[in-house]
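These notes concern the structure reproduced below.
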Amino acid sequence: MSRTRHLDAVDLSAKLDSASYQKKLGRLQDKLMLIQQAYLGTHERAMIVFEGWDAAGKGGTIRCLSSVLDPRGFKVWPIAAPTPAEQANHYLHRFWTRLPAYGEISVFDRSWYGRVLVERVEGFAKPSAWRRAYDEINAFEALHAADGARILKIFLHVSADVQRERFIRRIEDPLKRWKLTYEDIRNWRQRPAYEEAIEEMLERTSTKNAPWHVVSANDKQHARVESLKLIADCLGKGIDTKPKPVPEELYAAAREHLGITLGTHAGHSGKAPKPENDL
């Protein structure tokens, strides 16, 4: 039976000019800051998964997100090969310890999907293990979705030619050489095998509660804006982003110790009061 070719359906020609990019990026970052503030002190939590080809722009996209969010409620987990201690446990064990608490947002730069991607293609997992992993992953995500976690999964897709060009630029740039490894180049030679693994992953683990979103990433500006839009839409759905009112006891302390005249209650007006002797 032929399987749907998800990657073939992606328009890799999608681009965004610099002026539009800056404008849209700024608006999305402002929106995401409000969403994060709305999460604090609530039972809302979110898991954002980034997968994609090597050099597809995962790091740059995540930086656009992390640069504006408060690290006290936001964590980025760069996932590398498991350590010997982690290999002594079920492969999902190390991800349980990195899940967001209430009020938090966690980003996974690569994830539990390594089981059905690199571990499958490179032979690090037995066929019986990675074939079993689809159902295990779906159950893992369903459990957290049922508990109220928002789960967003993004795959950044680039063409083989663009990926090759980015590898070359990384080799030539002394400040970016550290990003490129022998495994990256070896994996490029095995791209057909990875495409097969990616297609099966998208087909078998895109669920109602945790669907996959494949983003065109030949143009990095387009990929960043599209990814942040997906994140804002998912995390902000049904969320009241209006600033929370300031507790009355905080105003009382500010009036007594900082000399603030309350005037209109900032919790109602949305504006902070000014000190009596504002320099």
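What's counted below: heavy atoms across the whole structure, side chains too, no hydrogens, waters or symmetry copies. We number each residue from 1, following the sequence as shown.
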For the hydrophobic clusters of this structure (ILVMFWY residues joined by side-chain heavy atoms under 4.5 Å, transitively), does one cluster hold both Phe95 and Ile48?
no
Gln190 and Glu122: side chain donor to acceptor below 3.5 Å
yes
With a cut-off of 6.0 Å (strictly less than), are more than 12 heavy atoms of other residues, nucleotides or ligands near CZ of Arg27?
no
For Ala55, is there any backbone N or O sitting under 3.5 Å from a side-chain donor or acceptor partner on Gln163?
no
I'd like to know if Phe108 and Leu230 are part of one continuous hydrophobic network [Ile/Leu/Val/Met/Phe/Trp/Tyr, side-chain heavy atoms within less than 4.5 Å].
no
Answer yes or no for Arg120 and Trp130: cation-pi contact, defined as NZ/CZ to six-membered ring centre under 6.0 Å and angle to ring axis within 45°.
yes
Below 6.0 angstrom between ring centroids: does that apply to Trp96 and His90?
no
Are the side chains of Asn218 and Ser13 in contact, using a 4.5 Å heavy-atom criterion?
no
So how far is it from Leu16 CG to Ser216 OG, rounded to the nearest 0.5 Å?
11.5 Å
Do you know the tightest heavy-atom contact between Ile151 and Cys234?
O-SG, 4.3 Å
Quick one: do Asp54 and Arg110 make a salt bridge, cutoff under 4.0 Å?
yes
Scanning both residues in full, the closest heavy-atom pair of Ala232 with Lys31 reads CB-CD, 4.0 Å
Counting only heavy atoms not in Arg191, do more than 12 fall under 6.0 Å of its CZ?
yes
Value for CZ (Arg45) from OH (Tyr39), rounded to nearest 0.5 Å, stands at 11.0 Å
Does one side chain, of Trp112 or Glu141, offer a donor that lies under 3.5 Å from an acceptor on the other?
yes
Would one find more than 12 heavy atoms of other residues, nucleotides or ligands at under 6.0 Å from atom NZ of Lys75?
yes
Going only through I, L, V, M, F, W and Y residues with side-chain contacts under 4.5 Å, is there a path from Met47 to Ile231?
no
Anything under 3.5 Å between a donor and an acceptor, one on a side chain of residues 154-162, the other on a protein residue two or more places apart or in another chain? List them.
{"residue": "His157", "atom": "ND1", "partner": "Trp53", "partner atom": "NE1", "Å": "3.0"}
{"residue": "Ser159", "atom": "OG", "partner": "Val162", "partner atom": "N", "Å": "3.2"}

Kindly work out whether a path of hydrophobic side-chain contacts (I/L/V/M/F/W/Y, heavy atoms less than 4.5 Å apart) joins Leu228 to Met33.
yes
Got a donor-acceptor contact below 3.5 angstrom from the Lys220 side chain to the Ala56 backbone?
no
In Å and rounded to the nearest 0.5 Å, what is the OH to CG distance from Tyr194 to Leu117?
8.0 Å
Using a 4.5 Å cut-off on heavy atoms from C-beta on, say whether the side chain of Pro211 contacts that of Lys153.
no
Please walk me through it: do Val215 and Thr61 pass side-chain contact (heavy atoms from CB on, under 4.5 Å)?
CA-CA 12 Å; Val215 173; Thr61 302; over 6 Å; no
Flag the pair Ile79 / Arg98 as yes when at least one side-chain heavy-atom distance between them is below 4.5 Å, and no otherwise.
yes
Please indicate whether Arg189 has more than 12 foreign heavy atoms, meaning atoms of other residues, nucleotides or ligands, lying under 6.0 Å from its CZ.
no
Is the count of non-hydrogen atoms from other residues, nucleotides or ligands lying under 6.0 Å from Lys179 atom NZ greater than 12?
yes
Roughly how far, to the nearest 0.5 Å, is the OH atom of Tyr182 from the CG atom of Asn187?
9.5 Å
Backbone of Leu99 reached by a side-chain donor or acceptor of Ser106 within 3.5 Å:
no
I'd like to know if the side chain of Glu104 and the backbone of Ala101 have a donor-acceptor N/O pair within less than 3.5 Å.
yes
Interatomic spacing from CD1 in Ile137 to CZ in Arg204 - rounded to 0.5 Å
10.0 Å
Using 0.5 Å steps for rounding, measure from the CD1 atom of Ile185 to the CZ atom of Arg170.
11.0 Å
Do Tyr91 and Glu86 meet the criterion of a side-chain donor-acceptor pair at a distance under 3.5 Å?
no
Asp233/Lys229 salt bridge by N-O under 4.0 Å criterion
yes
is_close_aromatic(Phe50, Trp77), centroid dist under 6.0 Å
no
For Arg150 and Glu44, what are the C-alpha separation, side-chain angles and deciding distance, and is it a side-chain contact (heavy atoms from CB on, under 4.5 Å)?
CA-CA 8 Å; Arg150 298 177 187 231; Glu44 293 289 347; 3.1 Å; yes
Taking atom types as modelled, find out whether Ser111 and Glu51 have a side-chain donor-acceptor pair closer than 3.5 angstrom.
yes
Leu152 versus Val49: any side-chain heavy-atom pair under 4.5 Å?
no
Donor-acceptor check, side chain of Gln29 to backbone of Cys64, threshold 3.5 angstrom: yes or no?
yes
Can you give me the closest heavy-atom contact between Asp17 and Gln221, atom names plus distance?
C-NE2, 3.7 Å
Check whether Leu235 and Tyr102 end up in the same hydrophobic cluster, where Ile, Leu, Val, Met, Phe, Trp and Tyr are linked by side-chain heavy atoms less than 4.5 Å apart.
no
Apply salt bridge (Lys or Arg N to Asp or Glu O under 4.0 Å) to residues Asp173 and Arg177 and explain how you reach the verdict.
CA-CA 6 Å; Asp173 188 340; Arg177 254 172 229 160; over 6 Å; no
Please lay out, stage by stage, how Asn209 and Thr207 fare under the test side chain to side chain donor-acceptor pair (under 3.5 Å).
CA-CA 6 Å; Asn209 291 322; Thr207 62; 5.9 Å; no
